[in-house]
Novice: 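Handing you this structure, nothing more for now.
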Amino acid sequence: TSPKIKVELDSSTGVAVLWMQSAPVNSLSLDLLTEFCISLEKLEMDKSCRGVIITSTLPKVFSAGLDILEMYGKSPERCGEFWKAVQEMWLKVYGSDMVTIAAINGSSPAGGCLLSMCCDYRIMADNPRYSIGLNETKLGIVAPFWFKDTMVKTVGNRTAEVALQLGLMYSGPEALNVGLVDQLVPQDQVLTAAHENMTKWLAIPDHARQITKSMMRKPTIDKLLSNREADISNFVSFITKDSIQRSLRLYLEGLRSKKA
Ligand code: CO8
């Protein structure tokens with residue numbers, strides 16, 4: 001199978017661009033998550049890399065979030081393996097020592113929004129067709145505590161409380177307004193803006209920025225680290241319930257019939 005991730009590192013600037021290139025929608029499958037983590041790990045260990053811009057090669061989608069097919073009709077063992085990979089991605093991105101900027105050049109529901117929120121800074125393409133948010137409740141599923149924590153850390157408790165219950169998807173201007181994204185720019189300027197912003201972050205001495213980042217994020221990370229196994233078994237017992245499988249099937253059918 002062809003690679004789902006492409007990385008370009010410019011050693012002279014210390015900035016890498018990590019592209020998700022898994023058509024049609026960059027859904028976060030076990031394969032994509034595994035490749036993503038390996039790529040990020042390599043950059044993390046590469047002393048010449050100080051910052052990474054996460055983006056998509058697809059024309060309209062940043063990431064459609066977790067691959068629903070990984071959660072539908074799969075064995076408990078496989079669901080557990082998948083969930084561990086989702087945790088791993090979150091831990092790696094949220095806890096990265098590098099500067100991370102999400103260049104959100106398309107729609108970014110659920111896991112796509114989570115991935116964006118794990119970055120230090122978010123720049124979104126100004127296009128009325130794109131939206132971003134944690135829409136889990138609309139699928140009849142529940143975002144786990146560390147998704148919730150990440151959202152609270154990004155937009156504050158009250159906004160997260162409403163957004164999570166309603167499964168709100170925000171337009172670009174709405175996302176900017178609540179602070180879910182930091183900048184809204186024309187589609188063709190997303191990557192340029194990400195590079196410009198990266199320069200500001202890289203002007204700060206790494207050690208001071210890293211310690212500060214860790215001070216902000218470590219308690220949230222430790223919470224998952226000390227509950228990892230329980231979180232996996234919670235997910236597996238929840239997602240394999242008949243009623244939840246039925247919700248997922250209906251949602252998938254809805255996605256498919258939308259274009260029929
Ligand atoms: N997983 C698997 N397949 C998907 C997904 C997905 N997340 N999203 C889209 N697809 C499929 C579609 O079914 C379609 O398949 P097919 O060609 O076979 O019909 C194909 O991808 C293309 O999709 P669209 O035609 O819809 O493409 P568009 O460009 O029109 O729209 C969107 C792109 C906006 C991304 C749209 O596809 C969309 O809204 N997708 C659904 C996104 C979504 O709701 N994701 C939620 C995933 S759940 C999650 O991430 C967190 C779960 C936390 C679990 C906690 C449990 C305890």
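In this chain, numbering begins with 1 at the start of the sequence shown. Both ligands and their constituent atoms are indexed starting at 1 by order of listing.
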Novice: Would you say ligand 1 has an N or O under 3.5 Å from any N or O of Ala143?
Specialist: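 Ala143 vs ligand 1: no N/O contact under 3.5 Å.
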
Novice: Can you tell me the protein heavy atom closest to atom 16 (P) of ligand 1 and the distance?
Specialist: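 For this ligand atom, the closest protein heavy atom is Lys259 NZ, 3.6 Å.
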
Novice: Tell me if the CG atom of Asp188 is crowded by more than 12 foreign heavy atoms within 6.0 Å.
Specialist: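 Yes, because the 6.0 Å sphere around CG of Asp188 holds more than 12 heavy atoms from other groups.
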
Novice: Is ligand 1 under 4.0 Å from a heavy atom in the side chain of Asp67, in the backbone, in both, or in neither?
Specialist: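 For Asp67, backbone and side-chain atoms both sit under 4.0 Å from ligand 1.
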
Novice: Should Val99 and Tyr121 count as side-chain neighbours, where that means a heavy-atom distance under 4.5 Å?
Specialist: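 No, too far: nothing below the 4.5 Å cut-off.
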
Novice: Which of the numbered atoms in ligand 1 are under 4.0 angstrom from any heavy atom belonging to Phe235?
Specialist: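 Under 4.0 Å from Phe235, ligand 1 has these atoms: 56 (C), 57 (C).
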
Novice: Would you mind running through ligand 1 and noting each atom that sits below 4.0 Å from a heavy atom of Tyr251?
Specialist: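 Contacts of ligand 1 toward Tyr251, numbered from 1: 41 (C), 43 (C), 44 (O).
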
Novice: Donor-acceptor pairs under 3.5 Å, side chain of residues 85-92 to any protein atom, not counting sequence neighbours: which ones?
Specialist:
residue : atom : partner : partner atom : Å
Gln87   : OE1  : Arg228  : NE           : 2.8
Gln87   : NE2  : Arg228  : O            : 3.2
Gln87   : NE2  : Asp231  : OD2          : 2.8
Glu88   : OE1  : Arg228  : NH1          : 3.3
Glu88   : OE1  : Arg228  : NH2          : 2.8
Glu88   : OE2  : Lys92   : NZ           : 2.7
Trp90   : NE1  : Thr150  : OG1          : 2.9
Lys92   : NZ   : Glu41   : OE1          : 3.3

Novice: Just distances here: any N/O of Trp83 and N/O of ligand 1 closer than 3.5 Å?
Specialist: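 No, since none of the N or O atoms of Trp83 sits under 3.5 Å from an N or O of ligand 1.
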
Novice: Using the six-membered ring wherever Trp is involved, compare the ring planes of Trp83 and Phe235 and label them parallel, tilted or perpendicular (cut-offs 30° and 60°).
Specialist: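 Trp83 and Phe235: parallel rings.
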
Novice: CE/Met20 to OG/Ser27 distance, rounded to the nearest 0.5 angstrom?
Specialist: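 Going from the CE atom of Met20 to the OG atom of Ser27 covers 10.5 Å.
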
Novice: So which atom in Ile239 and which in Leu248 form the shortest heavy-atom distance, rounded to 0.1 Å?
Specialist: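 Taking Ile239 first and Leu248 second, the nearest heavy atoms are CD1-CD1, 4.0 Å.
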
Novice: How far is atom 33 (C) of ligand 1 from its nearest protein heavy atom, and which residue and atom is that?
Specialist: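 The closest heavy atom on the protein side is Val61 CG2, 3.8 Å.
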
Novice: Which residue and non-hydrogen atom of the protein lie closest to atom 9 (C) of ligand 1, and at what distance in Å?
Specialist: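 Answer, as residue, atom name and distance: Val25 CG2, 3.6 Å.
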
Novice: State whether the shortest distance between N or O atoms of Ile141 and N or O atoms of ligand 1 falls below 3.5 angstrom.
Specialist: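 Checking ligand 1 against Ile141, no N or O pair falls under 3.5 Å apart.
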
Novice: Quick test of your reading of the structure: of Arg256, Glu136, Glu253, Lys138, whose heavy atom lies closest to atom 51 (C) of ligand 1?
Specialist: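 Checking each option, the heavy atom nearest atom 51 (C) of ligand 1 is found in Glu136.
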
Novice: In this structure, are over 12 heavy atoms from other groups packed under 6.0 Å from Lys6 atom NZ?
Specialist: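 More than 12 within 6.0 Å, yes.
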
Novice: Test the Arg249-Tyr72 pair against the cation-pi criterion, namely NZ or CZ under 6.0 angstrom from the six-membered ring centroid and within 45° of the ring axis.
Specialist: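 Judged by the rule (NZ or CZ under 6.0 Å from the ring centre, within 45° of its axis), Arg249 is not positioned above Tyr72.
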
Novice: Treating Ile, Leu, Val, Met, Phe, Trp and Tyr as nodes and any side-chain heavy-atom pair under 4.5 angstrom as an edge, say whether Met151 and Phe62 lie in one connected cluster.
Specialist: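 Linked, Met151 and Phe62 end up in one cluster.
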
Novice: May I ask you to list the atoms of ligand 1 that are less than 4.0 angstrom from any heavy atom of Gly111?
Specialist: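 With Gly111 as reference, the close atoms of ligand 1 come out as 49 (C), 50 (O).
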
Novice: Checking a contact table here: which protein heavy atom is nearest atom 20 (C) of ligand 1, and how many Å away?
Specialist: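 Of the protein heavy atoms, Pro24 CG, 3.8 Å lies nearest.
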
Novice: Going by the order shown, which atoms of ligand 1 are within less than 4.0 Å of some heavy atom of Phe238?
Specialist: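 Answer for ligand 1: 57 (C).
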
Novice: Below 3.5 Å, N or O to N or O, backbone or side chain included: is there any such pair between Ser27 and ligand 1?
Specialist: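 By distance alone, the answer is no.
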
Novice: Should you measure from each heavy atom of Lys60, which atoms of ligand 1 turn up under 4.0 Å away?
Specialist: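 In order of numbering, the contacting atoms are 29 (O).
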
Novice: I need the minimum non-hydrogen distance between Gly167 and Lys138, along with the two atoms involved.
Specialist: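 Heavy atoms of Gly167 and Lys138 come nearest at O-NZ, 3.1 Å.
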
Novice: Quick one: look up the protein heavy atom nearest atom 50 (O) of ligand 1 and list residue, atom name and how far away it is.
Specialist: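 In this structure, atom 50 (O) of ligand 1 has Leu66 N, 2.8 Å as its nearest protein heavy atom.
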
Novice: Backbone or side chain, does any N or O of Met71 fall under 3.5 Å from an N or O of ligand 1?
Specialist: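 Between Met71 and ligand 1, no N or O pair is found under 3.5 Å apart.
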
Novice: Quick test: of every protein heavy atom, which one is nearest to atom 57 (C) of ligand 1, and how far off is it to 0.1 Å?
Specialist: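 Going by distance alone, atom 57 (C) of ligand 1 is nearest to Val142 O, 3.3 Å.
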
Novice: As an exercise, state the distance from CG of Asp126 to CD of Gln189, rounded to the nearest 0.5 Å.
Specialist: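 Rounded to the nearest 0.5 Å, the CG-CD separation comes to 10.5 Å.
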
Novice: Taking distance alone, with no angle check, do Lys258 and ligand 1 share an N/O pair under 3.5 Å?
Specialist: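 Looking only at distances, the answer is yes, because the N/O contact criterion of under 3.5 Å is met.
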
Novice: Could you tell me whether Lys84 and Glu81 have a side-chain N and a carboxylate O separated by less than 4.0 Å?
Specialist: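 Salt bridge flag = no for Glu81 with Lys84.
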
Novice: Could you identify the single nearest non-hydrogen protein atom to atom 40 (N) of ligand 1 and state the distance to 0.1 Å?
Specialist: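 Among all protein heavy atoms, the one nearest atom 40 (N) of ligand 1 is Leu255 CD2, 3.7 Å.
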
Novice: For the residue pair Asp149 and Thr220, confirm or rule out a side-chain donor-acceptor distance under 3.5 Å.
Specialist: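 No, no side-chain donor-acceptor contact under 3.5 Å.
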
Novice: For ligand 1, which atoms have a heavy atom of Gly65 less than 4.0 angstrom away?
Specialist: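 In order of number, 50 (O).
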
Novice: Check whether any N or O atom of Ala110, backbone or side chain, sits under 3.5 Å from an N or O atom of ligand 1, and answer yes or no.
Specialist: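 By distance alone, the answer is no.
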
Novice: Of the non-hydrogen atoms in Ser56 and Asn105, which two are nearest, and what is the gap between them?
Specialist: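 Smallest heavy-atom distance, with atoms named: O-ND2, 2.8 Å.
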
Novice: Between Gln183 and Asn197, do the side chains contain a donor N or O and an acceptor N or O under 3.5 Å apart?
Specialist: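 There is such a pair (donor and acceptor under 3.5 Å, judged by atom type) between the side chains of Asn197 and Gln183.
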
Novice: Can you tell me which residue and heavy atom of the protein come closest to atom 1 (N) of ligand 1, and the distance to 0.1 Å?
Specialist: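 Nearest neighbour among protein heavy atoms for atom 1 (N) of ligand 1, to 0.1 Å: Ile68 N, 2.8 Å.
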
Novice: With a 4.0 Å heavy-atom cut-off (strictly under), which part of Ala64 contacts ligand 1: side chain, backbone, both or neither?
Specialist: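 Both backbone and side chain.
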
Novice: Under 4.0 Å from atom 6 (C) of ligand 1, do we find at least one protein heavy atom?
Specialist: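 Within 4.0 Å of atom 6 (C) of ligand 1, protein heavy atoms are found.
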
